[in-house]
Amino acid sequence: MSHTDETPNDLPPNFIRDRIVEDRQAGKNGGRVVTRFPPEPNGYLHVGHAKSLCLNFGSAAEFAGRCHLRFDDTNPATEELEYVEAIKADVRWLGFDWGEHLFFASDYFEQLYAYAVALIKAGKAYVCSLSADQIKEYRGDFHHKGKESPYRGRSVDENLDLFARMRAGEFADGEHVLRAKIDMAAGNINMRDPPIYRIKHAHHHRTGDKWCIYPMYDYAHCVSDAIEGITHSLCTLEFEDHRPLYDWILDQLDVPCHPQQIEFAKLNFTYIMLSKRRLLELVRGGQVKGWDDPRMPTLSGMRRRGYTPEALRNLCERVGVSKHNSVVDVTLLEHAVREHLNATSRRVMGVLRPLRVVLSNWPEGQVEWIDAPYFADDPARGTRRVPLGRELFIEHDDFKEVAVKGWFRLSPGAEVRLRHVGIVRCDEVVKDAAGEVVELRCTLDPATRSGGPQSGRKVKGTIHWLSAAHALPIEARLYDRLFLSESPGDVGPGGHFTDNINPRALEVVHGAFVEPSLADAVPGTRVQFERLAYFCVDPDSTTELRVFNRTIGLRDSWAKQEGK
Ligand code: ATP
Ligand code: MG
């Protein structure tokens, strides 16, 4: 579809945007755009929800409209206040603001009830006393027409009386339901007299014990949209077949407006599982430490891991909006994260598995503080001071006793550049009784230091390091993909999705160190450990021990296993 004058040219095509533009040009809703994000508070938001958030809040912002945050809290059995608060925090973190427009479907329970009474009075709804199994059996399926309930002919008065008594708590769960009276022969099964109210004696996190009947999603959703004056009700594709019901209900009622439901494809990724039900199973089963475990695809997990809201928003924009379900390669998500971190994360030095190095020509007790830029290619973005002393830590991996072809890091007799310092040569290897390498004796060539006569001398390798006396101990948590399989939800007979869990999705490294400039880094601080990966300070950090989460490697290590 072509872009119109209202659509900025640098955005990818988006049929929802096109549709809104059309509606505005036709003068629908007086040109207003009102959308809503309607989470059910039965779990934490995941990266799929980011897509819906970007679409709803993004469309509203683009057309100077507004977007409501509405909790679809119609199922008291699975919903909790903890989830409401977590969802609000996640929406804000992603960068969206609902302003005053925070709503709860439960705020409309009285209105929803009154509209249901209106449906009964109009002969468009009836109380059905079949059991749940019978209702299912009578409904038929794709090949078989439905069969009318024997209660379909109840009089308006009898229905009004029974519905009032359902509300009053006279019946047990499942004894009756209120059903819309539409068409048991409809080709669309959703139109075969769907239940719109059920009895459920359950405590609701907002309405307490006031209600023992609760509206069904298909009924509550469209009426809530209409009450709020929503113009465009964006939802995922599985609701396409529910749209006739959405429209039918609103057509029967004297509601303030009739929003337009528009469906789009869910966002899904390879290697990622996005069903709240299954995520809850991981939390309950202890396979992860909670909803915000950095291995989780939840917004709170990703935040804790170090992913940025900008990266997620860029990704959603790039993926575009589709009418067809597809699975996005997870490397696209990882690329978006890496891209934003590359542009924004300060470069610092950390050593995960230290090997002691003694600079034998450096005076005992002497410390020099080096001004080191956070971004080598743009020192104007800031510098910090890095101490250099006689004893250093380098990465154990940066030493090989027997150099192989193409090895440009340290080995006996070899030279390497220490980042921000100069060239050192390895003169001696010290081993312990077990024959393990425990220390290197090196000399630093002063002529190769910054400002020295040979500061430009080239060696092939540059490595990172820390002053042993100043290094801050940290715990490093190295995260990787939670699932080993590209489609973790697809399991054979007898299998379970947890069989696909990557046992190496978390590796905890004790005895790692970082440079002292990170002494004050607060949880949420994101940095790049040069040559290693991007890291983010975890809230588990204490003043004694900082915890750093590995957000993501510098390169795609799954595509190319070496070079991490
Ligand atoms: P799940 O299927 O993961 O349990 P849900 O659809 O039940 O999620 P809701 O709380 O009902 O979760 O979702 C709130 C909004 O987010 C809905 O409009 C829903 O369609 C949308 N949404 C949920 N998952 C995705 C996804 N993977 N991609 C895009 N939008 C999504
Ligand atoms: Mg849902």
Side-chain angles (χ1 to χ4, degrees), residues 14-16 35-60 67-75 77-80 82-88 90-91 94 96 98 102-106 215-218 220-222 224-225 228 230 232-243 246 259-284 291 296-302 312-313 315-328 330 332-333 487-489 497:
N14 168 333
F15 73 90
I16 291 179
T35 57
R36 85 287 169 267
F37 176 69
E40 186 182 347
N42 61 351
Y44 281 52
L45 297 183
H46 53 57
V47 63
H49 293 115
K51 166 101 220 176
S52 177
L53 280 160
C54 287
L55 261 181
N56 280 296
F57 279 94
S59 305
C67 180
H68 298 182
L69 174 60
R70 183 201 314 141
F71 287 95
D72 174 27
D73 56 348
T74 52
N75 184 4
T78 54
E79 295 161 4
E80 287 171 30
E82 175 203 343
Y83 297 138
V84 170
E85 292 310 316
I87 289 171
K88 285 202 272 188
D90 288 344
V91 174
L94 201 57
F96 299 118
W98 55 88
L102 173 66
F103 302 105
F104 291 83
S106 56
M216 306 296 288
Y217 173 87
D218 278 326
H221 198 79
C222 57
S224 302
D225 279 350
E228 289 177 18
I230 302 299
H232 299 84
S233 179
L234 314 181
C235 64
T236 42
L237 277 185
E238 70 272 24
F239 291 102
E240 193 166 17
D241 291 342
H242 296 238
R243 182 163 17 105
Y246 186 104
Q260 176 64 50
Q261 175 179 308
I262 306 173
E263 308 86 15
F264 64 93
K266 275 195 167 176
L267 180 59
N268 270 302
F269 294 96
T270 55
Y271 293 98
I272 287 185
M273 162 83 60
L274 286 185
S275 140
K276 273 192 278 187
R277 187 173 51 77
R278 283 177 160 168
L279 296 179
L280 179 63
E281 207 178 315
L282 292 176
V283 172
R284 294 227 169 113
W291 284 97
M296 290 281 271
T298 51
L299 297 185
S300 52
M302 290 183 166
L312 298 184
R313 294 199 308 260
L315 175 81
C316 290
E317 188 65 57
R318 233 174 260 167
V319 165
V321 189
S322 167
K323 265 282 185 197
H324 305 282
N325 280 321
S326 66
V327 180
V328 175
V330 74
L332 226 65
L333 166 64
S487 35
F497 77 95

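Numbering of ligands and ligand atoms starts at 1, following listing order. Everything quoted here is computed from the prediction, not taken from an experiment.
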Of the non-hydrogen atoms in [X] and [Y], which two are nearest, and what is the gap between them?
| X | Y | value |
| --- | --- | --- |
| Leu274 | Pro297 | CD2-CB, 3.8 Å |
| Phe15 | Glu263 | CZ-O, 3.2 Å |
| Ser300 | Trp291 | OG-O, 3.7 Å |

For the 3.5 Å polar cut-off, considering only N or O atoms, please tell me whether [X] and ligand 1 meet it.
| X | value |
| --- | --- |
| Arg36 | no |
| Leu274 | yes |
| Gly48 | yes |
| Phe37 | no |

Proximity to ligand 1 by part of Phe264, non-hydrogen separation under 4.0 Å: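 Phe264 to ligand 1: side-chain contact only, backbone stays beyond 4.0 Å.
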Pair Lys88 + Glu85, salt bridge at N-O below 4.0 Å: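 Yes, charged N to carboxylate O under 4.0 Å.
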Heavy-atom side-chain proximity of Val328 to Leu267 below 4.5 angstrom: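 Answer yes - side chains close enough.
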Can you sort out which atoms of ligand 1 are near [X], meaning under 4.0 Å from one of its heavy atoms?
| X | answer |
| --- | --- |
| Glu40 | 9 (P), 10 (O) |
| Thr236 | 20 (O), 29 (C), 30 (N), 31 (C) |
| Leu267 | 26 (C), 27 (N), 28 (N), 29 (C) |
| Ser275 | 3 (O) |

Residues which pass salt bridge (charged side-chain N to carboxylate O under 4.0 Å, His left out) with Glu238, listed by chain and number, not counting sequence neighbours: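 Per chain and number, Glu238 pairs via salt bridge (charged side-chain N to carboxylate O under 4.0 Å, His left out) with Lys266.
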Option of least heavy-atom distance to atom 2 (O) of ligand 1 (set: Lys276, Arg277, His221, Lys266):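 The residue whose heavy atom sits nearest atom 2 (O) of ligand 1 is Lys266.
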Leu45: which of Thr298, Leu94, Val91 passes side-chain contact (heavy atoms from CB on, under 4.5 Å):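 Output: one option passes, namely Val91.
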contact_flag Glu238 ligand 1 heavy-atom lt 4.0 Å: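 Under 4.0 Å: no for Glu238.
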Close approach, Cys235 and ligand 1, non-hydrogen under 4.0 angstrom: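 Outside the 4.0 Å threshold, so no.
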Residues forming a ring-ring contact (aromatic ring centres under 6.0 Å, His included) with Phe104, sequence neighbours excluded: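 Applying ring-ring contact (aromatic ring centres under 6.0 Å, His included) to Phe104 gives Phe71.
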